[in-house]
Amino acid sequence: VVLATVGLTAFCIAQVFDLEQIIDLILVVLVGYLVLGVIYEIASGSVRVLRVYRFTGTTSPSQNGLFAAIVTLISGIRLFLGSDTRSRRWTYWLLLSGSIAITAITMSRTAMISLAAAVLITAVLHATMRTTPFRIRVGVTVLTVAVATVVAFVVLSGHRSGNLSSFGY
């Protein structure tokens, strides 16, 4: 029953809205969810600035990190590949930087891999649209190594360095 209801809802939404509007809707819902999580963390006093801190929001760090990685992907594609006017570009820059920061403070390995994939997808799409095949290969290789290095540093910089099973919690 639930699957049929979700399927029917998705079908109806696809009939009413075009893809751009659906992506905008997803972006608004995910950003709203993350903002509510930040408000909840601040209101509950969970934020510890000078200690080890892991953003959990209203549910779990992994879920919030994945949502932030999706916001990174959408805002990165809109910023670097879209044809939006200059007046909206600052919004995408704000969303991009905020979602990267939220992904980092969740300390979720899954979210970091998702963020790396989002950056890589955006870079590959950008590179294939605007450059030669040789530069694409070089750019993708350099970007992959850079993103993998950043992810490795974040994953390995947990409370107990080198322990990939937890971040010391």
Side-chain angles (χ1 to χ4, degrees), residues 19-20 22-42 46-49 51-84 88-131 135-169:
L19 185 58
E20 292 289 324
I22 292 172
I23 290 173
D24 286 339
L25 180 64
I26 291 170
L27 191 63
V28 167
V29 168
L30 292 180
V31 168
Y33 182 83
L34 293 171
V35 167
L36 283 175
V38 169
I39 291 170
Y40 172 76
E41 288 271 319
I42 293 170
S46 302
V47 179
R48 290 177 267 152
V49 178
R51 296 187 195 164
V52 176
Y53 170 67
R54 188 173 187 192
F55 176 74
T56 57
T58 56
T59 54
S60 72
S62 294
Q63 184 176 8
N64 287 311
L66 288 174
F67 289 166
I70 293 169
V71 171
T72 301
L73 178 63
I74 293 172
S75 59
I77 287 174
R78 289 284 174 90
L79 184 63
F80 298 115
L81 302 176
S83 59
D84 290 333
R88 293 183 65 186
R89 290 184 66 79
W90 69 269
T91 306
Y92 293 125
W93 275 112
L94 182 66
L95 290 174
L96 185 69
S97 58
S99 59
I100 289 172
I102 287 178
T103 304
I105 63 173
T106 61
M107 294 187 195
S108 168
R109 296 181 302 270
T110 305
M112 283 301 187
I113 298 301
S114 299
L115 178 65
V119 169
L120 189 60
I121 288 168
T122 304
V124 167
L125 288 174
H126 181 62
T128 56
M129 293 176 68
R130 305 182 191 243
T131 190
R135 286 188 176 181
I136 291 172
R137 287 193 296 273
V138 171
V140 167
T141 303
V142 169
L143 184 66
T144 303
V145 170
V147 169
T149 303
V150 168
V151 169
F153 279 127
V154 169
V155 169
L156 295 176
S157 68
H159 217 136
R160 291 175 252 165
S161 259
N163 183 357
L164 294 179
S165 64
S166 72
F167 281 98
Y169 297 103

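- Applying the side chain to side chain contact (heavy atoms under 4.5 Å, CB included) rule to Leu94 yields the partners Trp90; only residues at least two apart in sequence or on another chain are considered.
- Checked against side chain to side chain contact (heavy atoms under 4.5 Å, CB included), Leu95 has the following partners two or more places apart in sequence or in another chain: Leu27, Val31, Val71, Ser75, Thr91, Tyr92.
- Note that the CD1 atom of Ile102 and the CG atom of Leu115 stand 12.0 Å from one another [nearest 0.5 Å].
- Shown here for Thr106 and Ala111, the closest heavy-atom pair between the two residues is OG1-CB, 4.2 Å.
- Distance check: Leu30 CG to Leu66 CG gives 10.5 Å after rounding to the nearest 0.5 Å.
- Every side chain to side chain contact (heavy atoms under 4.5 Å, CB included) that Ile42 has, sequence neighbours left out, goes to Val38, Val47.
- Taking CD1 of Ile70 as the start and CD1 of Ile26 as the end, the distance is 8.0 Å to the nearest 0.5 Å.
- The shortest distance between side-chain heavy atoms of Arg54 and Ser108 falls below 4.5 Å.
- Sorted by first and then second residue, the side chain to side chain donor-acceptor pair (under 3.5 Å) pairs with a member in residues 25-42 read Tyr33-Thr58, Tyr33-Thr59, Glu41-Tyr53, Glu41-Thr56; sequence neighbours excluded.
- Contact detail for Leu34 and Phe55: the closest heavy-atom pair is O-CZ, 4.3 Å.
- Checked against side chain to side chain contact (heavy atoms under 4.5 Å, CB included), Leu36 has no partners two or more places apart in sequence or in another chain.
- Contacts classified as side chain to side chain donor-acceptor pair (under 3.5 Å) and involving residues 93-104 (residues at least two apart or in different chains) are given here: Thr72-Ser99.
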